[in-house]
Structures are given as C-alpha cells and as structure tokens.
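Letters A, B, ... mirror the listed sequences (proteins, then strands); counts begin at 1.
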Amino acid sequence: MEYKFSEIEEQIKKFWSDKNIYRVGDAESGKPKYYVLDMFPYPSGAGLHVGHPLGYIASDIYSRYKRMKGFNVLHPMGYDSFGLPAEQYAIQTGQHPAITTEQNIKRFREQYDKMGFCFDWTREVKTSDAEFYKWTQWIFIQLFNSWYNNSTDKAENISSLEKIFTTEGNANVKAAHAEVKIFSADEWKKFSESEQQEILMQYRLAFLSEAYVNWCPALGTVLANDEVKDGVSERGGYPVERKLMKQWMLRITAYAERLLSGLNDLQWSESIKEAQRNWIGRSEGASAKFQIADSKLQIEVFTTRPDTIFGVTFLTLAPEHELINQITPDSHKKEVEEYVLYAKNRSERERMTEVKKITGVFTGAYAIHPFTGKQIPVWIGEYVLAGYGTGAVMGVPGHDSRDYGFAKHFNLEIIEVVSGGDISKEAFEGEGKNINSTFLDGLKTVDAKKKVIDEIEKNKIGERKINFKLRDAVFGRQRYWGEPIPIYYDEQNIPRVVDENDLPIRLPEVDKYLPTETGEPPLANAKNWKYKNKFEFEKTTMPGWAGSSWYLFRYMDPHNKNAFAGKDKLDYWKQVDFYIGGSEHATGHLMYFRFWTKFLKDLGLIDIEEPAKRLVNQGMIQGVSAKVFKNNFNFKTAPQSIAYKRFASKYITDSATIENIVDVFLCKDFVVNDSQKSSLPFLLSDINLPVDFADFTKYQFDIKAFYESGDNRAKNVLFIFIGGIFLNGKFFFDAGVNNYSFGFTAIPEKMSKSKYNVVNPDDIIEKYGADCFRMYEMFLGPVEMSKPWDTKGIDGVSRFLRKLWKLFYSDDGKWLVTNEAATNDELKILHKTIKKVEDDIEKLSYNTSVSAFMICVNELTDLKCHKAEVLKDLLLILSPFAPFTTEFLWQEMKQGGSIVTTNFPKVREELLVENSFEYPIAINGKTKTKITFALDKEISTIEKEVLDMEILKKYFEGRAPKKIIVVKGKMINVVV
RNA sequence: GCCCGGGUGGUGGAACUGGUAGACACGCAGGACUUAAAAUCCUGUCGCCCGAAACGGCGGUGCGGGUUCGAUUCCCGCCCCGGGCACCA
C-alpha cells in the first residue's frame with residue numbers, strides 16, 4: 001500500500017469529526033486543566049500564508065502532547081473580527097464589513113482544518129458578534145463605574161467615591177485621577193449635577209477627556225501611541241498630527257505599578273518584559289516648586305536628579321505649558337507667542353527627525369531658586385514634552401546633556417555640582433560627590449538624593465515622586481467597524497452609561513461608512529439611532545484591541561447569556577497557561593489584556609492577577625522576495641526616460657511601440673555591469689516580482705511566463721537584461737546573443753501580498769501533505785526564531801514520513817507489522833526517543849524532536865524492526881507532530897479508540913542505563929583517542945590504565961604526565 | 001544614543017549545568033538499480049597538510065584578549081546583523 005497522504009487526511013478528518021474528538025469539557029472531566037492559547041487572528045482577506053501556522057503548529061503540538069499527558073486541554077480559536085481592512089474595503093465597494101469578514105473567516109477555517117489543528121470549534125468566538133461584544137460593552141460600563149483607590153490599591157465602584165465626597169470632600173482621597181480642585185463635603189453637595197459628574201469623570205477608569213491625540217487625517221481617526229510608528233500610522237503609513245480632542249480614554253496609568261511589578265513572575269521572554277518595562281517607564285525622583293519672582297505663581301518641575309538642584313541655572317517649560325501666558329511680561333510677549341506658534345505647528349514627525357535641533361525662547365520671567373534664592377531665567381524649549389512629568393524641567397546644564405546643549409546654545413551659566421566629569425567638554429551624567437552644593441557637599445549621589453528630598457519635603461518645596469512614561473489609552477475611534485461605546489448623552493448633555501439590561505448596543509446600519517460632512521464619525525450616518533428613542537448615542541467606536549483584551553475568558557464559557565463567563569468556568573480554567581503569538585504585540589495587546597485582567601480581578605469577577613503565565617513569541621517566517629531594479633521616476637514625463645527609449649530603439653524600429661513603454665525593469669546582472677550602467681540614467685530603486693515565476697536556485701526570473709500570466713505590470717514594460725531586451729512577449733537580442741537570463745536578487749522580508757512573495761500553505765499541503773508541512777515548519781529551527789521560508793529541506797521530511805510508512809507496509813503493499821517480542825536494542829532505541837521527544841516538547845525544541853524521530857526511524861529500518869510493541873509507541877509520540885498519518889496507522893494496527901485520546905507512553909528508564917562508556921581521551925584538552933570503560937570502574941584504576949596506554953605514549957614525548965582528570969561518564973584529560 | 005536578542009560547514013540548524021564542535025536534514029560528488037527518467041538504496045562531505053589507509057598532523061564556532069586541566073558555553077574590549085524604544089527630565 002502506497003502512502004497517499006491526501007486520502008489519509010480526508011479519511012481521518014472525517015473519523016475525528018464523527019467522534020467529536022476535539023470537544024473539550026470543563027471541570028466535570030475530573031482532570032487537571034491546561035489552557036493553550038494562540039493570539040487572536042484578524043481574518044484578513046489574503047488568508048493564511050506559510051508564516052502564520054508556525055505558532056499554531058507549535059501550540060497544536062503542545063496541546064496534543066498535554067492532552068496525552070492526562071490534562072484537560074482548552075485550545076480554542078476565534079477571530080478578532082472588527083478592524084480596519086474590512087472597513088476600508090466597505091468604503092471602497094459599499095460591501096458591508098460583516099459580509100467580507102464572514103467570507104474571510106470561512107477561508108481561514110478551511111485552512112485551519114487542512115492543517116489538522118485540534119481546536120474545539122464549538123468554542124469559537126468572534127469579537128464582532130453581538131453576543132461577544134455585549135460583554136466588551138459590559139466591561140466598559142464597569143470601567144466607567146469604577147475609580148482607582150490608591151489606598152487599597154484596587155479599582156472600586158464609583159459610589160464609594162461619591163460617599164467620601166459627601167462626607168469629607170476630596171482632599172484626602174488617594175486616587176488615580178486627572179487635575180481636580182480641592183473641595184469640601186459642603187461644596188460637593190452644592191455642586192450642580194453636571195458639575196458633580198464633571199468631577200467624577202476625572203476619577204473614572206473610562207473617562208471623557210480633552211487630550212492631545214494622534215490624529216490621522218487620512219484615516220479620519222485617532223490612533224493610540226502604539227499604533228503610530230515614526231510619525232505615521234502603522235497601518236497604511238499616513239501622516240499623523242497632534243490634535244487636542246475630546247476622547248474616551250482608559251486610565252491604564254492607574255495600574256502602572258502593578259503592570260510593572262507583575263512582570264517579574266511571568267515566564268515571558270526577557271525582551272517582551274523589557275519592552276513593557278520601558279513602555280511603562282517608571283522613574284523615581286522628586287517634584288519641586290519654583291516661585292516666580294514678583295508673582296504668586298509657581299512652576300513645578302519633576303526631576304530624577306534632585307541632588308543636582310544647586311546646579312540649576314534656568315527652567316525650561318514645554319511650549320504647551322499653561323502658565324506661559326501668565327508669567328511672560330509684555331516686553332517678551334511677541335517673541336514668546338511667535339515661538340509657541342512655531343512649536344505647535346511643528347508636527348510630531350518634524351520634531352522627531354530633527355531631534356538634535358535646539359530651539360527655545362526666553363520668557364522674560366525669572367524664578368527663585370528655593371535653596372539659594374538666586375534668580376534664574378525661565379525659558380521655553382520644545383525639547384520639553386508637555387505630556388511627561390509636569391511639562392517643565394529644571395535646567396541643570398552641568399549634569400544633563402540636553403540641558404547642556406540648551407545652555408551652550410543660548411549661552412546660559414553652567415555650574416558643576418557633582419564631581420567626576422569635565423563639564424567644560426560635556427555634561428557629566430554619572431554619579432559622584434557633590435560640590436558647590438552647601439548642605440550636600442561631600443555626599444555621594446545616592447545619599448545626596450535622599451538628603452535633598454528630605455529637605456525639599458521639610459521646606460514644603462515639593463515631594464518624593466514616581467513618574468511613569470505610560471500614558472492613558474485613547475479608547476475612541478472615528479470608525480464604523482468596531483464595538484459601539486455604550487454611552488448616551490442625557491438632557492443636560494451629561495454622558496451616561498446605558499443600562500446593562502439594554503446590552504448589547506448593536507452596531508447600527510449606515511448607508512455610508514465615511515465620516516459625515518460635518519466631520520462626525522460614521523455612526524452619525526445611522527438613521528433613528530437613539531437611546532430610548534430620545535438620547536444621542538456616543539458616535540465613536542472602540543479600538544481594535546478592545547475585544548482581545550478579555551477574549552481569553554470568553555473561550556471558557558463562550559455561550560453564556562448571563563455573564564462574560566460563568567464563575568465555575570472561570571474558577572476551573574483560571575488563566576492561560578501557555579500563550580503564543582507575535583512579539584509585535586509587546587506594548588499593545590499584551591499590555592491591555594494584562595490591564596483588563598487586573599481590573600476584572602479588582603471587581604472580584606476573576607481570581608487571577610495575570611492573564612497568561614507563559615508566553616512564547618514565535619518568529620516570523622519571512623518571504624523571500626525576487627527583487628529587480630526599476631527606474632524611480634515618472635517614466636512618462638521624466639527626461640531620463642528618453643535614454644531608455646533610445647536604448648530600446650537599438651532593437652525595435654517601430655516608434656509607436658517604443659513610445660508606449662510605461663516603465664523599465666532591469667535585471668540584476670545588468671545593473672551590476674559597469675559598462676552598461678554608465679550608458680543609462682542611474683536612478684534606481686528595487687521592486688518585487690511575483691515569486692511564482694522566480695527560480696531561487698538559479699536566481700532566474702521567467703519574464704515570458706510573467707508576461708503571459710496577464711499581469712498588468714508586465715505590459716508595455718521594457719525588461720533589460722544582458723545582451724538583449726524583452727518587450728510585450730518578445731525577446732530581442734544583441735548580435736550573436738541568443739540566451740536570455742533575467743537575474744534577480746533574493747531578499748528575505750516580511751511576507752505580504754504587496755511584496756508578491758507570499759507562499760500559500762494550501763499549495764504545500766497539496767504537494768506534500770499536512771503532516772509533512774507541520775513537521776517541516778517545526779524542523780526549520782527553534783519556534784522563536786525568524787527565518788526565511790525555503791522549501792529546500794522539505795524533501796527530507798517527506799522522505800522521513802515515507803520511511804516511517806515502510807516500517808508498516810512493504811513496497812508491494814503487504815502489512816509488515818508482527819507481534820514478535822522486541823529485542824533490547826529495539827526497545828532502547830524507542831525509549832531513548834520517547835525521553836528525548838518528551839524533554840524537547842517541554843522545551844519547545846521541536847526541531848530537535850523531529851531529528852530524534854528521524855534517527856529512530858533510521859535505526860529501526862536498519863534493524864528491520866516491524867514489531868507492534870515498538871511501532872505503536874512510536875506512533876503515539878509522533879502523533880502530536882503528524883496527527884493524520886499516525887492516526888491512520890493506529891487504526892490499521894487495530895489499537896482501538898483514537899490515538900488523540902491515548903496516553904503518552906512512559907519512558908522505561910531502566911532500558912536506558914548504560915554500564916559502560918566510550919571515553920574520549922584528550923591530551924591538554926585535545927581529543928586524541930577513545931577507550932571504553934565500565935561506568936562503575938574505580939577512577940584510580942582508570943587513571944592507571946590510561947597512563948599505561950601504548951597509543952598515548954607518543955604524546956608524552958618522554959615527559960611525565962603532570963595530571964590526569966577523569967570525569968565519570970564524560971571524558972578523560974591528561975595534562976603533560 | 002539606550003535596551004533586548006543573535007553571529008557555528010555551501011545551506012537550515014545540533015551541542016545537557018564548562019567536558020568528543022558540526023547531530024539531523026538539504027545541497028553537492030561518486031556508485032547501485034533502470035533502456036531511460038523518477039523513486040529508492042549505498043558511500044563521501046568543516047578547511048588545510050601527509051598519505052594507500054589510519055582510531056595521522058595542524059587550524060577552526062564574528063574579531064582581540066583573559067580565566068580554566070579543558071571555553072561555541074564564563075569574564076573584559078571591539079565589529080557586524082536582527083528587533084524594540086527614542087529629547088521621558
């Protein structure tokens with residue numbers, strides 16, 4: 001019988017689905033639980049490429065393994081199905097995003113099924129399902145109804161805060177909040193309803209706030225910090241500007257400390273933890289208030305180096321600082337206003353690219369140094385950020401490089417207050433001993449910090465303070481395809497949450513997915529969409545990360561109508577034991593879902609502090625692009641194109657054909673060739689050609705096939721190679737040349753449709769089978785590592801599977817398996833492999849387990865072993881990797897049940913005990929020969945025997961060996 | 001600039017906690033089978049040197065140094081590649 005993988009896969013797929021083999025029960029299973037989760041995919045229109053399954057295969061193997069080890073394994077899959085691409089498509093075509101999304105999901109599902117993943121599809125969830133987003137909205141309501149109590153260090157219901165306000169005002173409340181004035185209980189009671197709500201809003205965890213946001217005019221929406229890369233939108237690459245807008249926000253900063261300290265106990269990669277630590281950006285220091293001369297105003301600064309306070313020679317304010325107007329004397333108004341205007345008009349992007357440019361202006365005001373009483377000038381500089389600290393810094397040019405640059409540029413005084421550097425050359429930012437600092441003189445930096453903060457607090461100048469870089473998260477999007485925010489505006493225009501019983505607030509139908517003419521979000525297009533038929537709903541929707549911030553809990557109880565998940569289910573499944581996904585989510589999703597988890601815990605809804613114990617980041621499988629060169633000017637208008645046309649006219653006389661040329665592609669070798677290069681205008685960039693026509697072994701691109709495929713990019717395009725050209729299906733050669741070769745360069749880069757380098761797993765599965773595909777992706781290297789996709793080695797895995805098959809069937813199709821008892825050698829091979837594979841799976845070192853299987857099958861083949869006793873265990877340990885083939889053979893062996901639900905075999909350690917070892921014998925650390933000794937042999941006897949060995953004599957060269965080291969079971973080293 | 005990874009044959013990659021560097025696979029070369037091809041199987045394959053061969057010699061894990069009986073592994077300095085952050089006071 002031949003190994004026909006496609007037939008086997010079909011048959012086994014049916015077998016599994018008939019038996020509902022992947023259905024997962026809950027606590028009643030009586031087994032310990034294990035939760036394996038893949039990061040939520042966005043169902044894109046392009047389907048899966050070979051890069052996506054890397055993580056899925058890894059988690060699938062782990063899930064199957066854990067199941068065979070006696071765990072009740074939850075391994076679900078679903079879709080993060082709200083998102084931009086479907087909406088963009090809707091804007092272009094008018095097609096409802098729900099329809100596109102549904103089609104894409106169907107495609108994804110087909111692909112998942114082909115790969116044999118053990119997902120329990122009865123637990124599938126989709127964020128765009130009203131049954132799902134009902135609970136996303138519900139959690140938002142809880143956030144709105146909560147405040148963060150710093151005294152108890154948890155979120156509490158807003159009613160407890162109101163109670164405090166009515167009894168004692170807000171002076172002693174320790175809470176995470178925005179700027180609020182201090183009021184007494186009496187004052188609180190006298191506030192109007194709208195004033196009270198305004199104040200409460202400053203405390204809520206979901207709140208409406210005026211804030212500088214990243215506004216992307218091209219997308220017509222606001223982006224979160226992590227959605228902006230290099231001043232442009234991460235998706236689409238459109239410019240982003242800073243804009244003051246009223247926005248729904250989440251007070252993630254309340255959780256900064258817990259998000260930071262929680263990292264320590266997580267089994268996550270160091271790089272992700274580090275990225276989160278940087279993102280949270282905790283710094284310890286002090287705040288200090290500087291009195292403005294001849295004024296009642298004070299400027300508060302934050303510093304991490306309060307020990308350098310005697311080195312302050314100026315203050316710098318951010319251009320957005322609110323006191324600028326009040327402190328600037330008339331004499332300086334004009335210059336200051338001009339500068340502020342200039343700074344405001346500078347986009348984030350400009351400011352970032354011109355980091356080294358020093359700009360600023362003197363306000364004309366002076367501040368009084370709190371310790372020396374000296375007057376110091378107050379400046380404005382754009383190097384100070386409005387959003388961090390207090391938006392003002394104390395300028396210590398001697399010990400801060402930015403202050404140093406600023407002082408040099410504007411000729412301000414520089415004082416050395418910490419010894420150890422040379423401040424005539426550069427700022428000294430290291431630690432040392434204080435000088436020129438009165439009561440701090442002689443103190444080491446650590447002690448000086450402590451002392452000065454004590455003084456600052458004693459004199460009520462300021463206080464010890466901890467600052468975070470982490471910003472509150474913007475939660476509203478001017479978009480259609482997202483969860484409606486469950487807020488309405490009452491008669492007084494006070495924002496209120498809708499009643500929980502009215503959830504879900506369904507996404508209304510609109511006839512246009514674009515913002516309205518007045519600039520309102522798309523939801524404003526909805527007709528008759530009012531809460532209780534009279535109140536205006538909030539028109540923005542939630543961002544892409546809302547649903548994914550809590551989805552892990554929904555899988556535990558996906559159909560629950562009364563809660564986001566039932567208490568019993570939450571108690572049983574607790575949290576994700578093993579989470580796998582891309583590292584690009586380091587500061588986005590992975591931060592938000594930790595935040596929501598902590599919040600739900602504070603409400604007493606769940607019992608865990610962290611959503612995922614262990615996190616593995618799978619590497620990216622890059623596509624290998626076929627790059628050729630292309631002119632980078634407009635071919636129709638640029639004068640350079642004439643040179644190309646002249647070149648083409650060497651071969652083609654018909655001028656109309658030449659005039660029609662719209663572009664030119666050059667083969668790699670042509671560009672590398674100097675004499676050719678000099679005859680052409682050298683303005684080149686590279687462009688990708690579809691990999692389907694590229695031969696990566698010879699680096700040859702088939703232009704003719706490309707042209708004949710009907711691709712528009714090949715039409716009227718002049719292809720130049722060495723010795724000839726290709727135009728519209730025809731080759732033209734130099735005299736004497738008749739072999740064409742269109743060379744390209746192979747570059748690994750991210751796999752993407754736009755780069756024409758996508759490899760579809762369906763094609764690979766069709767050619768080699770799903771098991772082979774799964775094993776090959778694992779065989780490529782460690783899961784965490786990125787690597788270019790390359791089919792070069794896949795034949796090795798394919799050969800392995802056929803070799804395995806041959807242990808069961810002869811070439812002419814006879815069943816070979818016998819019930820003979822296995823020999824010791826055979827059992828040893830088997831159990832060595834079981835042990836190795838078990839260890840490797842735990843470590844996620846799948847590439848080495850695949851080699852172990854290969855070694856095992858090779859050795860059994862050499863021994864002509866066809867014994868059931870050995871083969872059935874081999875099938876079991878291989879089944880997480882190659883589920884189809886192993887299940888098929890399992891059934892052929894009449895073992896009963898399904899291999900999926902059978903237990904993993906136990907290693908028989910006693911078979912692996914060696915009683916002798918072949919020692920490598922090294923002279924001065926270099927291995928020279930080998931000798932076998934019994935393992936229980938006395939070391940002193942070994943030493944003696946080795947030193948007497950005839951073969952070693954020549955290395956001693958007459959010298960007596962100085963020393964001999966014997967490490968039992970490892971090696972022997974003789975020092976001469 | 002700062003913070004994380006990483007650098008091993010022609011290629012993907014192995015090597016437990018400091019103990020035989022290059023497992024396994026691809027590719028390549030030679031051979032067997034075949035009319036032929038595919039498939040399959042066998043042999044070799046880090047480099048250099050001697051040789052008929054060797055369980056011969058020398059070198060070798062990005063570079064330079066160090067610790068050690070022994071270093072791909074630990075320490076110091078440097079170079080290169082990938083990723084993240086970036087005027088964060």
Whole-Å distance separating the CG atom of N847(A) from the P atom of A14(B): 5 Å
For C16(B), the Watson-Crick or wobble partner whose two distances fall under 3.5 Å: none
Nearest-angstrom distance from the residue atom CD of E270(A) to P of G84(B): 18 Å
Student check: side-chain heavy atoms of R464(A) and I456(A) closer than 4.5 Å: no
Same-atom distance (C1') from U68(B) to G19(B), integer angstrom: 12 Å
Derivation and outcome, ring-ring contact (aromatic ring centres under 6.0 Å, His included), residues Y342(A) and Y339(A): CA-CA 5 Å; Y342(A) 152 84; Y339(A) 181 74; 5.7 Å; yes
Contact under 4.0 Å: N617(A) side-chain N or O vs G83(B) OP1/OP2: no
Sugar-phosphate, base or nothing in reach of P788(A), heavy atoms under 4.0 Å: nothing
Side chain of N278(A) (C-beta onward), nearest among U11(B), C3(B), A89(B): C3(B)
Residues F314(A), F406(A); criterion ring-ring contact (aromatic ring centres under 6.0 Å, His included); working and verdict: CA-CA 10 Å; F314(A) 59 94; F406(A) 197 77; 5.6 Å; yes
K469(A) NZ - A86(B) C1' separation (whole Å): 7 Å
F779(A) side-chain proximity, nearest of A14(B), G12(B), G19(B): G12(B)
Under-3.5 Å donor-acceptor pair between K930(A) side chain and U20(B) base: yes
A275(A), nearest nucleotide to its side chain (from C24(B), A89(B), G84(B)): G84(B)
Residue E382(A), side-chain atoms from C-beta onward, closest of A89(B), C87(B), C3(B): C87(B)
Distance below 4.0 Å between R802(A) side-chain N/O and A39(B) OP1 or OP2: no
Length of the line joining K836(A):NZ and A14(B):P, which is rounded to integer Å: 10 Å
P atoms of U72(B) and C63(B), separation to the nearest Å: 11 Å
Spacing between I794(A) atom CD1 and U11(B) atom P, to the nearest angstrom: 21 Å
Spacing of F881(A) atom CZ relative to A25(B) atom C1', expressed in whole Å: 16 Å
Phosphate-side-chain proximity, R799(A) and A25(B), N/O vs OP1/OP2 below 4.0 Å: no
Distance test, side-chain N/O of S283(A) to OP1/OP2 of A89(B), below 4.0 Å: yes
5'-most by nearest nucleotide on RNA chain B - G796(A) or K806(A): G796(A)
Sugar-phosphate only, base, or nothing, as touched by D403(A) at under 4.0 Å among non-hydrogen atoms: nothing
Intermediate values then yes/no, side chain to side chain contact (heavy atoms under 4.5 Å, CB included), L412(A) and W379(A): CA-CA 11 Å; L412(A) 301 166; W379(A) 284 69; 3.7 Å; yes
Glycosidic conformation of G22(B), taking syn as within 90° of 0 and anti otherwise: anti
Separation between the C1' atoms of U61(B) and U8(B), rounded to whole Å: 4 Å
Base partner of G9(B), which must satisfy Watson-Crick or wobble distances under 3.5 Å: none
Separation of the P atoms in C33(B) and C28(B), to the nearest angstrom: 22 Å
Side chain proximity check, T861(A) to L807(A), heavy atoms < 4.5 angstrom: yes
Gap between atoms CG and C1', on L590(A) and G84(B) respectively (whole Å): 13 Å
N/O donor-acceptor pair under 3.5 Å between S798(A) side chain and Y768(A) backbone: no
First encountered from the 5' end of RNA chain B, between D795(A) and S845(A): S845(A)
Parallel, tilted or perpendicular, as decided by the 30° and 60° cut-offs, for the rings of F853(A) and F800(A): tilted
Whole-Å P distance, A54(B) and G77(B): 45 Å
Candidate nucleotides G5(B), U20(B), C24(B), ranked by approach to the side chain of F917(A) - the nearest: U20(B)
Between G82(B) and C69(B) - C1' atom distance, rounded Å: 38 Å
Proximity to the side chain of K963(A) - top-ranked nucleotide from C69(B), A23(B), G19(B): C69(B)
Watson-Crick or G-U wobble mate for A21(B), both contacts under 3.5 Å: none
Nucleotide nearest S851(A) when distance is taken to its side chain, options A23(B), U40(B), A89(B): A23(B)
Heavy-atom side-chain proximity of F881(A) to I841(A) below 4.5 angstrom: yes
Nucleotide nearest N973(A) (side chain, heavy atoms from C-beta), chosen from C16(B), A14(B), C69(B): C69(B)
Nucleotide paired to U67(B) in any strand shown, Watson-Crick or G-U, under 3.5 Å: none
Strand partner of A32(B), provided both Watson-Crick or wobble distances fall under 3.5 Å: U40(B)
Between G83(B) (P) and I272(A) (CD1): distance, integer Å: 14 Å
Span that lies between the C1' atom of U45(B) and that of G5(B), in whole angstrom: 33 Å
Closest listed nucleotide, where the reference is the side chain of W279(A) and the choices are G84(B), C26(B), A86(B): A86(B)
Pairing partner of C85(B) (Watson-Crick or G-U wobble, both distances under 3.5 Å): G1(B)
Rounded distance in Å between the P positions of G83(B) and C78(B): 23 Å
Beyond-backbone contact of L259(A) with I252(A), side-chain heavy atoms, under 4.5 angstrom: yes
Proximity to the side chain of K803(A) - top-ranked nucleotide from C41(B), G27(B), G12(B): C41(B)
Touch class at under 4.0 angstrom, heavy-atom based, for I965(A) against every strand present: base
G59(B): pairing nucleotide in any strand, Watson-Crick or G-U under 3.5 angstrom: C46(B)
